[in-house]
Amino acid sequence: MSASTDLTSTASAVASPARPGPGAVPAPDAAGSGSGSGQRPSHWRGARRQNRGPQAPGLPHQAAVPRRQALAHRAELAVLLAGTALLYLWNLGVSGWANAFYSAAAQAGSQDWTAWFFGSSDAANAITVDKPPASLWIMGLSVRIFGLSSWSVLVPEALMGVATVWLVYLAVRRAAAPATADARLAHRAGLIAGAVMALTPVAVLMFRFNNPDALLVLLMTAAAYAVLRAIQDGRVRWLLLAGALLGFGFLTKQLQVLLVVPGFAAAYLLAGPAGVGRRVLHLLATGAAMVAAAGWWLAAVELTPAADRPYIGGSQGNSILELTLGYNGLGRLSGDETGSVGGGNGWGTPGLFRLFNSEFGGQIAWLLPSVLLLAAGLLWLGRRAPRTDAVRASVVVWGGWVLVTGLTFSLMAGIIHPYYMVALAPGVAGLAGLGSVLLWQRRDQPVAAGTLAAAVAAAGFMAFELLGRTPAFVPWLRWLVLIAALAAAVGVMVPAVRDFAGASAGGTISPLFPAGPTAGQLARTTAGLAVVAALAGPLAYSLSTASTAHSGSIVSAGPAVGGRAGLPAMFGGTGGAMGNAQGTPFGRTNGTGTTGTGRGQGGGMGGLLGATTPSSDLVNALETDAGRYTWAAAVVGSNNAAGYQLATQLPVMAVGGFNGTDPAPTLEQFQQYVADGRIHYFIAGRTMQGESGSDDAARIAEWVASTYPAQSIGGTTVYLLAK
């Protein structure tokens, strides 16, 4: 039996409940009650479980699932996960080192355990990356086990994406099970959510990339699943697990993980099974678990003498706490980021509709209006549900995730990149899967039908707009999506209109709105058109993303988008993309550094945001007698250093850290390193003097240029500091 026929049968049972036979599961009435009374119930809960054999594993309050159907469900889930793996792993090596900044740190961690623990940029432990090291721990172990390659760095990220899709499926299926009274519908809700997650363009980008965002999203999704399990199962250990996962999320990307906490806490306070006092205590214990999971590493860093660990990159005072609250914390909101490459309007104009503009829209906005409509519809239809209702709790978890994170990204004045939008993907996927199936099941009700139809139409119009920003990219698709959306929206309304027409005709169904086999065919067609409207655009962008190389520090998904306004000015203005598919920032083409003349890609800003590719002559020079030196070379900026380090697998000092603006090392410290013969070469490159932070890197570069003669090796200007 097809999926659409099953859905239609369910809808028919909703409209005309029959008296259940012995041992049968009562058909849900108009709002999903298992009473079969024909009266509109006050909650979502589906049919009660009858004595029909074992309950479906993991599906609370769910009727037994026949073995054949359970096997079919597992097979369909396997297809989803295998397809996700194929999309995320296919041609993965095309991106090379992806973000060389993190690849070099993974290489360093594979050679030195101190570098691995602190997240150093190089194995000699000059300075760390500007994030905590949790994501580097995984990549570093992979490189240590499998050797240094693009695949050993990137495959763990792709597998994190597959795991995230699986967790989204599990969380949505569990929430939908007691509401649908049908394991097939719960399963399909999970499949839809998983598919939306897998095909979100920015998710395809980041699960094929090596920024910390992949691990962050996996940990937040796992925490959401744990919170929902705690609400449904009544076991505090799930809530404590959620706290621990969020703590490790902090060790991945610091304060960003806190954006999901309001929704999680609100959901448990609202729907937790215990009394209100115990619920508050449970949340306090969860907070303690989160602090413990993150605090042990923070304490280790703060208690280790500065002389015995690398400098904390991104801070101006060698402090992980300063990094947490400043450059990676409140500074991102206010734009006051000491040591940054610049905030304020350099990152676009904040506003409520920022996520729909040409920079961010194609990354995440495809289903944003739709899922907000679905969430509102679910809350309205379940407004009389019991306090502990799993559907409402899920809407609060996923909806709170989308609202808090979306508003923060929209209004923050500091550094923001298109790939940050991956943090919204699980929330969007959860609402899409849960809302589409539950409202479809109740589409004989005008509110459910109207909301679902509006959501489908919104998806079509959003795709039409976003695809229109790339007129040379499959230009016919936007019209196909729009037509499919409008047709599906009409089809969704048919059951509600049919019931209204039947009631008006004294119980006789109007021939204009057929039932029976014709209704089933209409349902199948409507469902297919809705899928096209919702996923065709993201699928096209995702395939474009997977087939394109992405490298550098600023990347975006999908085909390149020009600086056209796209939506009207009220939806975000013009603001072009900060980076193209290849990661070139600020719309510039890759080129050589400002001071040096290296042949390889220097990236934007003279290599500060994109790694260099050194010549073979320079690689040979750096490798000569490398064992005599602590650092084979020093160069301003971590990305500059990463290119040389990955080419030689030797420590290269990143003077000034990521932006070249950290006071590490100071001129005096650098001069002492040179006097001790610990640095072989200094490689010329651009500094960020006068931008922000300290000018130590500029002073070092000036001192070297005035003290040592310049020479060219393979077209790159270098200074020999030690013989």
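Between the side chain of Arg469 and the main chain of Asn357, a donor-acceptor pair closer than 3.5 Å is present. With hydrogens and angles ignored, the 3.5 Å screen pairs a side-chain donor or acceptor of Arg208 with a backbone N or O of Ala546.
The ring-ring contact (aromatic ring centres under 6.0 Å, His included) check on Tyr102 picks up nothing, with sequence neighbours excluded. A search for side-chain contact (heavy atoms from CB on, under 4.5 Å) contacts involving Trp297 returns Phe117, Pro132, Pro133, Trp137, Leu251, Val301, Ile320, not counting sequence neighbours. With sequence neighbours excluded, no residue forms a ring-ring contact (aromatic ring centres under 6.0 Å, His included) with Phe248. Legend: residues meeting salt bridge (Lys or Arg N to Asp or Glu O under 4.0 Å) with Asp213, ordered by chain and number and at least two apart, are Lys253. Partners of Thr84 according to the side-chain hydrogen bond (donor to acceptor under 3.5 Å, both in side chains) rule, which considers only residues two or more places apart in sequence or in another chain, do not exist here. With sequence neighbours excluded, the residues satisfying ring-ring contact (aromatic ring centres under 6.0 Å, His included) with Phe101 are Phe658. Applying the side-chain hydrogen bond (donor to acceptor under 3.5 Å, both in side chains) rule to Glu157 yields no partners; only residues at least two apart in sequence or on another chain are considered. Applying the ring-ring contact (aromatic ring centres under 6.0 Å, His included) criterion to Trp479, with sequence neighbours excluded, gives Phe464. Partners of Ala557 under the side-chain contact (heavy atoms from CB on, under 4.5 Å) rule, at least two apart in sequence or in another chain, are Pro201, Leu205, Gln363, Thr545. Partners of Ser152 by side-chain hydrogen bond (donor to acceptor under 3.5 Å, both in side chains), not counting sequence neighbours, listed by chain and number: Ser149. For Tyr541, the side-chain hydrogen bond (donor to acceptor under 3.5 Å, both in side chains) criterion is met by no residue, not counting sequence neighbours.
Counting heavy atoms from C-beta outward, Phe207 and Val217 have side chains that approach closer than 4.5 Å. Using a 4.5 Å heavy-atom cutoff, the side chains of Leu367 and Met462 are not in contact. Leu216 places none of its side-chain heavy atoms less than 4.5 Å from the side chain of Val422. Here the side chains of Pro426 and Trp398 are in contact, with some heavy-atom distance below 4.5 Å. Under the 4.5 Å side-chain criterion, counting only non-hydrogen atoms from C-beta, Met421 is in contact with Phe409.
Atom CG of Leu218 is separated from atom CH2 of Trp166 by 10.5 Å, given to the nearest 0.5 angstrom. For the atom pair CZ of Phe250 and CG of Leu298, the computed distance is 5.0 Å after rounding to the nearest 0.5 Å.
The aromatic rings of His417 and Tyr420 stand perpendicular to each other, their planes meeting at an angle above 60°, with 30° marking the opposite boundary.
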Ignoring hydrogens and angles, write down the donor-acceptor pairs under 3.5 Å from the side chains of residues 369-379, residues two or more places apart or on other chains.
{"residue": "Ser370", "atom": "OG", "partner": "Ala455", "partner atom": "O", "Å": "2.7"}
{"residue": "Ser370", "atom": "OG", "partner": "Ala459", "partner atom": "N", "Å": "3.2"}

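Of the residues Leu167, Thr164, Ile192, the one that meets the side-chain contact (heavy atoms from CB on, under 4.5 Å) test with Met197 is Thr164.
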